[in-house]
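Lettering of chains follows the sequences in order, A, B, ..., and the numbering in each one begins at 1. These values consider heavy atoms only, across backbone and side chains, with no hydrogens, waters or symmetry-generated copies.
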Number of protein chains: 2
Amino acid sequence: MREEHVVEMDETIANYLSNEDIVYEATQIFDALSDYTRFQILSSLCVGSRSVSELKDLCHVTQSAISHQLRLLRDRGLVFARRDGQRVIYSLADEHVATLMRVGLEHAAEAVSVEGE
Amino acid sequence: MREEHVVEMDETIANYLSNEDIVYEATQIFDALSDYTRFQILSSLCVGSRSVSELKDLCHVTQSAISHQLRLLRDRGLVFARRDGQRVIYSLADEHVATLMRVGLEHAAEAVSVEGE
DNA sequence: CTAATATATGAGCATCTGTTCATATTTTCA
DNA sequence: TGAAAATATGAACAGATGCTCATATATTAG
């Protein structure tokens, strides 16, 4: 038997929903998390700062692909970069990203286990 | 001065990250929330069940566009449908969606207000 | 049964996206 | 100064996406 999930939205959230700019901005952060490569980058940065080449090794894509994705994340204010010699070190710039990933992963873990059985 | 956000990931989350299927599934729920129309549909369903035509009026797109998006959301297990006469009533099928939207909107409200000043 | 209403779906299309390739830029080291 | 290492960027392209249009399906009312 399926359950319906109806949720109380407090007034603040309801106000956000009536603001087009805020809703659009919300879709943008979800978009950032919707790509496999970017998700890997961001989850890695949740643990600590990483250079571009470290991220490249971690994500198994070319250096160019990583740099392009990092630019997108920079433009959206989700990461920031500092130079350290030849390296450029990226860090998480937004505290909400980790929360979102945690909830998204919890959902996913349930979804995958349900599908498996 | 910018702050770095480094977050302790508990072991369970770290395990999720090493599971490709779970990570992919996580990107899929973020993808669902990354489109303006779908975000409106889901936020509306957070408040309560809605028929297709109610959702259509709310989102200012064609009935066809709504139905296509509802199919995507159904296929991903985020909403479910029950028939009531001529109408089909959609409801939220996943409790995590509301949490994600709340956090995403909080992030967005900050981002928009920072950009405004 | 027939018309009307509500919803679903397939095809087609314009746009967006993520990647690769080639090349530019920046920094270090000899 | 010149080569090597690390990163950034623009162009190009294949594939994905979200929409509209036309049409199919399902339910109810007359």
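- Nucleotides of DNA chain D nearest to Gln63(B) and Gln69(B) differ in position, and the one nearer the 5' end is that of Gln69(B).
- The distance from atom NE2 of His60(A) to atom P of dT19(C) is 14 Å, rounded to the nearest whole Å.
- Residue Arg71(A) has a polar side-chain atom (N or O) positioned under 4.0 Å from OP1 or OP2 of dG10(D).
- Under the side chain to side chain contact (heavy atoms under 4.5 Å, CB included) test applied with Leu45(A), the options Leu78(A), Leu73(A), Val79(A) reduce to a single match, Val79(A).
- At the phosphate of dT9(C), OP1 or OP2 sits under 4.0 Å from a side-chain N or O atom of Arg74(B).
- When heavy atoms are screened at a 4.0 angstrom cut-off, Ser67(B) is found touching base atoms of the nucleic acid.
- Closest to the side chain of Val61(A), from the set dA6(D), dT19(C), dT9(C), is dT19(C).
- Under 3.5 Å, the side chain of Gln86(B) and the base of dT5(C) form at least one donor-acceptor pair of N or O atoms.
- Atom CZ in Phe30(B) sits roughly 19 Å away from atom C1' in dT17(C) (whole-Å rounding).
- Checking the phosphate oxygens (OP1, OP2) of dT20(C), a side-chain nitrogen or oxygen of Thr62(A) falls inside 4.0 Å.
- To the nearest angstrom, P of dT27(C) lies 15 Å from CZ of Arg87(A).
- Ring pair Phe30(B)/Phe30(A) is parallel by interplanar angle, where below 30° counts as parallel and above 60° as perpendicular.
- Of all nucleotides listed (dA4(D), dC21(D), dG18(D)), dG18(D) comes nearest to the side chain of Arg38(B).
- Defined by atom type and a distance below 3.5 Å, a donor-acceptor pair is present between the side-chain atoms of Ser67(B) and Gln63(B).
- What separates CD1 of Ile66(A) from P of dT9(D) is a distance of 15 Å, to the nearest Å.
- In this structure, Asp31(B) and Arg38(B) have side chains that are in contact, with non-hydrogen atoms separated by less than 4.5 Å.
- Between the CD1 atom of Ile89(B) and the C1' atom of dA6(C) there is a distance of 11 Å, rounded to whole Å.
- Evaluation of atom-type donor-acceptor distances gives no pair under 3.5 Å for the side chain of Ser64(B) against the base of dT7(C).
- For the pair Leu72(B) and Asp35(B), the minimum side-chain heavy-atom distance is 4.5 Å or more.
- Judged by distance alone, the side chains of Arg74(B) and Tyr90(B) do bring a donor and an acceptor atom under 3.5 Å apart.
- What separates CZ of Phe80(B) from P of dT7(C) is a distance of 17 Å, to the nearest Å.
- The nucleotide whose nearest atom lies closest to any side-chain atom of Ala65(A) is, among dT19(C), dA6(C), dT27(C), dT19(C).
- Between Leu70(A) atom CG and dT17(C) atom P the separation is 17 Å, expressed in whole Å.
- In this model, no side-chain donor or acceptor of Thr37(B) finds a partner on the base of dC19(D) within 3.5 Å.
- Below the 3.5 angstrom threshold, one finds a donor paired with an acceptor across the side chain of His68(A) and the base of dT20(C).
- Spacing between atom CG of Leu72(A) and atom P of dT17(C) amounts to 9 Å, rounded to whole angstrom units.
- At the heavy-atom level, Tyr36(A) lies nowhere under 4.0 Å from the strands shown.
- Each of Asp31(A) and Val88(B) has a nearest nucleotide on DNA chain C; the 5'-most of these lies closest to Val88(B).
- Contact check, Arg83(A) against dT7(D): no side-chain N or O comes under 4.0 Å of OP1 or OP2.
- Listed pair Ser53(B) / dT5(C) fails the phosphate criterion, with no side-chain N or O lying under 4.0 Å from OP1 or OP2.
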